[in-house]
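Encoded as structure tokens, the structure appears first; notes follow it.
Keep in mind that what you see is a predicted model, and the values were worked out from it rather than measured. As a basis for the values below, the full set of heavy atoms in this structure was taken, side chains included, without hydrogen atoms, waters or symmetry mates.
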Amino acid sequence: MDLGLKDKSVIVLAASKGLGRATAEAFATEGASIIISSRNEEELKTVALAIQDKTNNRNVYFKTCDVTNPTDIKELVQFAIEKNGRVDVLVNNAGGPPAGEFMKFSDEEWQHAFELNLLSFVRAIREVIPYMKEQKSGHIINFTSSSIKQTLDNLILSNTFRAGVVGLAKGLSQELAHDNILINTIGPGRIATDRVAELDQIRANSLGKSYDEVRKETENSIPIGRYGLPEEFAKHVVFLCSAANTYVTGQTLLVDGGLVKAL
């Protein structure tokens, strides 16, 4: 199937590692022109070169961006316009907030999590919409978590703001549909990334178990019997943001191997 992504202009936030990097690589494989971002310029440069070499796609660019900084987001979108003249796809992504129980967190920590995991998405969407409206097309996808269907223990900050992203996308899907701009939300389950490994280690420490024990217990709770791979997750992102998707908007998709049992 031709996904129609060759030479499309794609912005991927938080793309120096994990799901963001895998997603950028998947788009590059399809021939898209990619703008990757994160806070670390050296990491970005290394990743951009690695993606170019692996995919044989020279149109992989990078620009630093702290997603909690509105000026950085504005400049990132302008950089995409300078390079490609348009924005066809926005992939909203950000690092997860810290684990912990409700009474542990101060107002400042709540505010930072809000800016990182919800307001950054709002700001990035607001910057790309005028261009997508002008071209009468666009795809926006928001990375969240399986907690959008079933909350996760000890992750109150994530549970709160990931749910907010779902409401944002659902509401916006109504506003943007007449301009042929489709917006969806995708939630990873246990995908083998550094973030998931960190959370598994925190859980192991709290239970007095080894990392391997916690990992095995979690794998046993997943019907498919293993953690997902970042590249497996990325395939679904690429499909939802491709020419193959012309009618799905305002929806949420879990990529979790059947882990979440809630409807």
Taking the side chain as every heavy atom from C-beta outward, state whether V248 and L253 have any atom pair closer than 4.5 Å.
no
With the threshold set at 4.0 Å, does a side-chain nitrogen-carboxylate oxygen contact exist between K235 and E231?
no
Let's go through N180 and H178 carefully: what are the C-alpha distance in whole Å and the side-chain angles of both, what is the deciding distance for side-chain contact (heavy atoms from CB on, under 4.5 Å) to 0.1 Å, and is it a yes or a no?
CA-CA 5 Å; N180 197 33; H178 68 279; over 6 Å; no
Backbone N/O of I191 and side chain of D256: donor-acceptor pair under 3.5 Å
no
Here the pair of heavy atoms bringing F239 nearest to A244 is CE1-CB, 3.5 Å
For A124 against L13, the heavy-atom pair lying closest together
CB-CD1, 4.1 Å
Whether the side chain of N92 engages the backbone of I140 through a donor-acceptor N/O pair (distance < 3.5 Å, no angle test) should be reported.
no
Please answer whether the main-chain N or O of T23 pairs with a side-chain N or O of E25 as donor and acceptor at a distance below 3.5 Å.
no
Is there a side-chain contact (heavy atoms from CB on, under 4.5 Å) between F62 and F79 once you walk through the steps?
CA-CA 9 Å; F62 65 91; F79 180 74; over 6 Å; no
Hey, does the side chain of N93 reach the backbone of A14 with a donor-acceptor pair shorter than 3.5 angstrom?
yes
Test your reading of the model: is there a side-chain donor-acceptor pair from K170 to the backbone of G250, 3.5 Å cut-off?
yes
Any non-hydrogen side-chain atom of R162 less than 4.5 Å from a side-chain atom of T185?
no
Spatial distance of atom CZ (F102) from atom CG (N154) [nearest 0.5 Å]
14.0 Å
Do T64 and R39 have side-chain heavy atoms sitting under 4.5 Å apart?
no
Here the gap from I81 atom CD1 to L76 atom CG, rounded to the nearest 0.5 Å, amounts to 10.5 Å
For a side-chain contact (heavy atoms from CB on, under 4.5 Å) check, start with the C-alpha distance between L176 and T249, then their side-chain angles and the critical distance, and finish with the verdict.
CA-CA 10 Å; L176 301 177; T249 191; over 6 Å; no
Please evaluate residues R195 and D200 with respect to the criterion salt bridge (Lys or Arg N to Asp or Glu O under 4.0 Å), reporting the C-alpha separation (whole Å), side-chain torsions for both, the decisive distance (0.1 Å), and the verdict.
CA-CA 9 Å; R195 165 70 172 174; D200 283 348; over 6 Å; no
Between E127 and R123, does the salt bridge (Lys or Arg N to Asp or Glu O under 4.0 Å) criterion hold? Intermediate values first, please.
CA-CA 6 Å; E127 290 301 321; R123 287 168 170 162; over 6 Å; no
I202 CD1 to L207 CG distance, which is reported to the nearest 0.5 Å
12.0 Å
Any donor and acceptor pair, going by atom type alone, linking the side chain of N184 with main-chain N or O of Q251 inside 3.5 Å?
yes
Within a reach of under 6.0 Å around CD of E217, are more than 12 heavy atoms found that belong to other residues, nucleotides or ligands?
yes
State, with a plain yes or no, whether a side-chain heavy atom of D72 is found less than 4.5 Å away from one of V67.
no
Contact between H112 and T68 at the side-chain level, heavy atoms closer than 4.5 Å - yes or no?
yes
Please say yes or no: joined through hydrophobic side-chain contacts below 4.5 Å, possibly via intermediate residues, are L240 and L5 part of one cluster?
yes
So do L152 and S146 actually touch side chain to side chain, heavy atoms under 4.5 Å?
yes
When you group the ILVMFWY residues by side-chain heavy-atom contacts below 4.5 Å and let the links chain together, are F143 and V196 in the same group?
no
So do the side chains of F27 and N57 get within less than 4.5 Å of each other, counting heavy atoms only?
no
Taking every non-hydrogen atom, the tightest pair across L254 and S145
CD2-O, 4.2 Å
Do I51 and V238 share a hydrophobic cluster, counting only Ile, Leu, Val, Met, Phe, Trp and Tyr and linking them when any side-chain heavy atoms are less than 4.5 Å apart?
yes
Test your reading of the model: is there a side-chain donor-acceptor pair from R58 to the backbone of Q52, 3.5 Å cut-off?
yes
If only side-chain N and O atoms count, and only distance matters, is there a donor-acceptor pair under 3.5 Å linking S106 with E109?
yes
Ignoring hydrogens, what is the shortest heavy-atom contact between P230 and L19? Give both atom names and the distance.
CA-CD2, 4.1 Å
Of all the heavy-atom pairs spanning S16 and V47, show the shortest one and how long it is.
O-CG2, 3.2 Å
Is the shortest distance from a Lys or Arg side-chain nitrogen in K63 or E82 to a carboxylate oxygen in the other one below 4.0 Å?
no
Below 30° counts as parallel, above 60° as perpendicular, anything between as tilted: where do the rings of F161 and F114 land?
tilted
Looking only at side chains, do N205 and Q201 share a donor and an acceptor under 3.5 Å apart?
yes
Counting only heavy atoms not in D153 (residues, nucleotides, ligands), do more than 12 fall under 6.0 Å from its CG?
no
Candidate list N59, D7, D88, N84, test side-chain hydrogen bond (donor to acceptor under 3.5 Å, both in side chains), partner S33, passing option
N84
Nearest 0.5 angstrom please: L172 CG to E175 CD, how far?
5.5 Å
Worked verdict on R86 versus S137 for side-chain contact (heavy atoms from CB on, under 4.5 Å)
CA-CA 10 Å; R86 55 190 289 131; S137 67; 3.9 Å; yes
For the atom pair CD1 (I73) and OG (S37), what is the distance rounded to the nearest 0.5 Å?
8.5 Å
Non-hydrogen side-chain atoms of P97 and N117 separated by less than 4.5 Å
yes
Between I183 and I141, is there a shared hydrophobic cluster once you connect ILVMFWY residues whose side-chain heavy atoms come closer than 4.5 Å?
no
Closest contact, heavy atoms only, P188 versus F233
CB-CE1, 3.6 Å
Hey, what do you get for CG (L44) to CZ (R21), rounding to the nearest 0.5 Å?
10.5 Å
Following the transitive rule for hydrophobic clusters with a side-chain heavy-atom cut-off under 4.5 Å over Ile, Leu, Val, Met, Phe, Trp and Tyr, establish whether V165 and I156 coincide in one cluster.
yes
